[in-house]
Novice: 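Questions regarding the structure given below will be posed in turn.
All heavy atoms count here, side chains included; hydrogens, waters and symmetry mates do not. Numbered from 1 within each chain, the chains take letters A, B, ... in sequence-line order.
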Number of protein chains: 4
Amino acid sequence: MAIQEIKSKINDNKQEKERKLLSTALHLFSEKGIKKTSIQDIVHDAGIAKGTFYLYFKDKYELQDVLLAKTSHEFFSNACKEANKYHFDRLDDKIIFIIDSIIDALIARPNILKFIQKNLSLGLYSEKLTDLLDSEELGIKELFINEVKEKDIPLEYPEMTLFMIIELVSSTVFTSIVEKQPLPIEEFKPHLYKTIRLLINEKLEK
Amino acid sequence: MAIQEIKSKINDNKQEKERKLLSTALHLFSEKGIKKTSIQDIVHDAGIAKGTFYLYFKDKYELQDVLLAKTSHEFFSNACKEANKYHFDRLDDKIIFIIDSIIDALIARPNILKFIQKNLSLGLYSEKLTDLLDSEELGIKELFINEVKEKDIPLEYPEMTLFMIIELVSSTVFTSIVEKQPLPIEEFKPHLYKTIRLLINEKLEK
Amino acid sequence: MAIQEIKSKINDNKQEKERKLLSTALHLFSEKGIKKTSIQDIVHDAGIAKGTFYLYFKDKYELQDVLLAKTSHEFFSNACKEANKYHFDRLDDKIIFIIDSIIDALIARPNILKFIQKNLSLGLYSEKLTDLLDSEELGIKELFINEVKEKDIPLEYPEMTLFMIIELVSSTVFTSIVEKQPLPIEEFKPHLYKTIRLLINEKLEK
Amino acid sequence: MAIQEIKSKINDNKQEKERKLLSTALHLFSEKGIKKTSIQDIVHDAGIAKGTFYLYFKDKYELQDVLLAKTSHEFFSNACKEANKYHFDRLDDKIIFIIDSIIDALIARPNILKFIQKNLSLGLYSEKLTDLLDSEELGIKELFINEVKEKDIPLEYPEMTLFMIIELVSSTVFTSIVEKQPLPIEEFKPHLYKTIRLLINEKLEK
DNA sequence: TATGAATGAGGGTTCATTCAT
DNA sequence: GATGAATGAACCCTCATTCAT
């Protein structure tokens with residue numbers, strides 16, 4: 001076997017270990033909460049030795065950060081892929097479709113929502129994402145900016161608008177799904193979507 | 001000394017202990033973070049015996065919940081009091097004044113912001129507030145609803161609008177102050193306030 | 001029961017715990033060495049809970065320091081008591097008697113010698129001794145100084161002479177007993193005692 | 001390249017690795033103490049693989065023993081070399097010159113002194129020295145014995161005298177430099193040197 | 001010879017909680 | 001109600017050591 005092959009095999013093995021730790025941790029964090037999940041639990045369920053954990057992560061919280069960014073990012077990524085299957089005349093329709101997909105996905109996995117809490121926006125803005133983002137796929141950020149330009153939507157600072165939309169969604173949806181406050185999610189959706197349209201089509205005479 | 005007086009003194013003593021625990025805990029939570037603050041630390045700094053803690057709170061997290069609601073509420077309460085010193089012709093001006101006061105107060109105490117995180121809205125919506133709210137003071141909620149009615153502002157669901165404003169502020173301001181993302185707070189303020197005006201004066205022809 | 005009594009009972013209990021920890025630790029340190037003795041071992045053998053250890057000592061090494069001073073001191077203390085039973089015309093005879101007693105005691109407990117190593121002088125000079133020394137008993141230090149004065153022994157700096165004698169004994173005896181270098185202890189003794197006499201009766205024409 | 005050369009190169013490489021391990025370990029032991037220095041630390045700083053350590057030493061303590069003997073020996077070796085540059089009429093002057101050189105060297109490197117502790121005499125008496133001593137250089141031991149003979153100094157057991165001088169120095173100097181007890185080293189020196197003269201020129205009429 | 005990823009035993013330490021006083 | 005000494009489970013983390021490459 002060539003040295004090249006050996007090295008790549010070792011590398012594969014390492015990646016596999018890291019992947020296993022991440023997926024096991026996500027499962028446990030969602031199931032029992034971060035506080036009640038110990039490193040012991042994670043390595044036990046992952047079938048990995050205790051010491052090995054520290055070869056990959058400094059502590060539970062570094063793992064948590066990576067996981068938050070990664071998981072949130074996946075929600076955006078999946079929803080965008082889904083949206084790209086269809087054609088939308090209007091940007092607001094497309095954005096709301098994406099957000100609606102994400103909300104439905106969150107409803108379907110309430111435990112993961114409890115893990116993400118109000119930090120969905122990390123999926124777009126976390127610094128931990130650098131590894132994941134060298135993929136050439138178009139995220140919601142690029143999509144939004146591009147379409148604003150193409151369709152001549154009169155937004156002064158589209159990045160800022162998107163940021164506020166995402167934070168608004170992230171924050172209200174968590175409260176609505178988990179605490180059913182101020183309304184259960186299905187009743188809340190129309191209010192939220194109306195507001196999103198407002199933000200995208202801002203026409204403030206001032 | 002009359003029995004009454006003795007009882008009231010004992011009661012005072014109890015309230016004093018609880019108050020001491022709360023203030024000490026807030027200080028420690030802000031300074032070192034919740035995770036790194038132990039009950040030991042709290043009772044030590046508060047000058048209270050270990051066992052006594054459990055006469056007042058089930059555990060650290062019950063105390064944390066109370067503290068989150070209480071502290072957030074104080075920010076709103078102070079800002080409202082300040083606003084009531086002046087006269088505002090427009091509701092959006094008044095709301096933005098209040099929110100600006102709160103943001104400035106948060107900037108001044110970044111450690112407390114780190115404790116509150118994105119949960120500022122607990123100051124309005126937490127169930128732990130029942131004790132605090134039997135005061136007859138007008139909060140921002142009542143203020144908002146009343147003025148919408150008085151001034152005939154065409155908002156279909158004013159409660160919903162306020163909820164979204166608060167969550168939007170809570171979420172974006174934390175990120176902006178703590179991580180200076182996407183803009184430092186002073187640069188971000190104009191964008192935020194423009195959006196708040198938009199939400200209050202919504203005129204979406206649809 | 002009066003509060004006084006209760007408090008003193010608690011105090012007795014605490015002293016008893018500390019005593020137990022010290023004696024157990026000495027036994028284990030002598031038997032297996034410090035490095036191989038864990039706090040677990042100590043509390044286990046002492047029949048005390050793990051957490052309790054930390055109420056009395058910061059760590060294994062604080063305990064070790066106390067123990068070194070205490071144990072060394074006992075050797076001196078016992079030897080002095082023994083010497084005081086007899087009358088000596090000469091100071092050098094008395095000092096050598098004391099040192100001979102100590103050496104014999106060390107020979108009898110080689111494990112304890114391995115623990116003390118070359119630090120026998122801590123029994124006279126350690127700062128950890130303050131607790132033990134408020135006893136009014138005359139140590140070798142006072143004994144030496146007093147007799148030098150009384151007997152007009154022409155020593156310029158008796159403290160310094162004693163210090164060097166003690167360090168010399170401490171250092172050579174360890175090597176001689178443990179490693180039988182350069183001679184086994186019984187053969188080495190005469191050389192050592194001759195040197196001690198020399199130091200006490202210094203008559204250096206210079 | 002001739003096989004000879006290759007072999008010698010490999011050998012050089014090996015010696016280089018061992019040398020590197022020793023020097024790195026000495027540095028770490030001095031800096032952080034033995035207990036807090038792990039094999040991990042040593043190989044990391046030495047730039048050598050973990051497994052490789054075990055090709056050279058059984059464990060940290062074997063390395064420590066070698067290092068103690070080696071380092072102590074160097075102090076004697078350097079001081080003797082220095083002394084040989086000059087001519088001394090009297091043996092006691094020469095010995096005191098050597099010891100003074102050693103003490104000054106120790107003062108200059110207090111961390112190394114903390115590592116050596118009271119074991120300076122290992123530089124003369126350790127069994128680990130066999131490798132180093134097949135050099136034909138005259139050590140202090142040979143020097144002392146020879147001169148006693150040559151100068152007809154009336155010492156019955158010169159080896160014993162030297163042993164006691166070395167142990168006395170080793171023990172007192174450590175305490176004096178590190179703990180400044182009973183006197184700081186510079187003030188202690190005259191007392192020590194006076195005693196050394198006494199031992200060399202013993203004239204106890206008894 | 002040299003490597004360094006993986007191991008998992010074992011250490012120190014913390015801490016919420018109890019309970020006799 | 002108040003105390004704080006004692007507990008011991010549970011944690012994190014380090015580390016010497018192994019072994020396939």
Novice: Counting only side-chain N and O atoms of Y56(C), is one of them less than 4.0 Å from OP1 or OP2 of dA6(F)?
Specialist: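 For dA6(F), OP1/OP2 do have a side-chain N/O of Y56(C) under 4.0 Å.
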Novice: Rounding to an integer number of Å, can you tell me how far K60(B) NZ sits from dT17(E) P?
Specialist: 11 Å
Novice: Starting from P on dT14(E), measure out to CG on D59(C) and report it in whole angstrom.
Specialist: 10 Å
Novice: Report yes if the side chains of Q40(C) and H44(C) come closer than 4.5 Å at any heavy-atom pair, otherwise no.
Specialist: no
Novice: Quick check for you: among dC12(F), dG1(F), dT7(E), whose closest atom lies nearest to any side-chain atom of Y54(A)?
Specialist: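 So the nucleotide nearest the side chain must be dC12(F).
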Novice: Side-chain donor or acceptor of K50(A) under 3.5 Å from a matching atom on the base of dG10(E)?
Specialist: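 Yes.
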Novice: Which nucleotide wins on minimum distance to the side chain of S38(C), given the candidates dC15(E), dG11(E), dC12(F)?
Specialist: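 Between dC15(E), dG11(E), dC12(F), the one nearest the side chain of S38(C) would be dG11(E).
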Novice: Are F29(A) and I42(A) close enough that some pair of their side-chain heavy atoms sits under 4.5 Å apart?
Specialist: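 Yes; the side chains approach each other to less than 4.5 Å.
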Novice: Return the value, rounded to whole Å, for the distance between atom CZ of F57(A) and atom P of dC12(F).
Specialist: 15 Å
Novice: Is any side-chain heavy atom of L22(D) less than 4.5 Å from a side-chain heavy atom of E18(D)?
Specialist: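 Side chain of L22(D) against side chain of E18(D), heavy atoms only: contact under 4.5 Å found.
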Novice: Is there a Watson-Crick or G-U wobble partner for dA20(E) with both distances under 3.5 Å, and which nucleotide is it?
Specialist: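 In the structure as shown, dA20(E) has dT3(F) as its Watson-Crick or wobble partner.
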Novice: Does a salt bridge link K36(C) with D41(C), judged by any charged N lying under 4.0 Å from a carboxylate O?
Specialist: no
Novice: Tell me the interatomic distance from L55(A), atom CG, to dG8(E), atom P, rounded to whole angstroms.
Specialist: 13 Å
Novice: dC15(E), OP1 or OP2 - any side-chain N/O from Q40(B) closer than 4.0 Å?
Specialist: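 Result: no.
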Novice: On a heavy-atom basis, which atom in I34(D) and which in K60(D) lie closest, and how many Å separate them?
Specialist: O-NZ, 3.2 Å
Novice: Using heavy-atom distances to pick each residue's nearest nucleotide on DNA chain F, tell me which of K36(A) and T37(D) is more 5'.
Specialist: K36(A)
Novice: Which nucleotide sits closest to the side chain of A49(B): dC12(F), dT3(F), dA6(E)?
Specialist: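 Selected nucleotide: dT3(F).
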Novice: Would you mind telling me which residue lines up with the more 5' stretch of DNA chain E, G51(B) or K35(B), judged by nearest nucleotide?
Specialist: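 Looking at DNA chain E, the more 5' nearest nucleotide goes with K35(B).
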Novice: Return the value, rounded to whole Å, for the distance between atom CG of D41(D) and atom C1' of dG4(E).
Specialist: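 Checked: the CG to C1' distance equals 16 Å.
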Novice: Need the pair for dG8(E). Rule: Watson-Crick or G-U wobble, both distances under 3.5 Å, any strand; none if unpaired.
Specialist: dC15(F)
Novice: So which one's nearest nucleotide on DNA chain E is more toward 5', K58(B) or K58(C)?
Specialist: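 Its nearest nucleotide lies further toward 5', so the answer is K58(C).
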Novice: What integer distance in Å separates F53(B):CZ from dG1(F):C1'?
Specialist: 17 Å
Novice: Expressed as a whole number of angstroms, how long is the span from I42(B):CD1 to dT14(E):P?
Specialist: 17 Å
Novice: Using whole Å, report how far CD1 of I39(C) lies from P of dT13(E).
Specialist: 5 Å
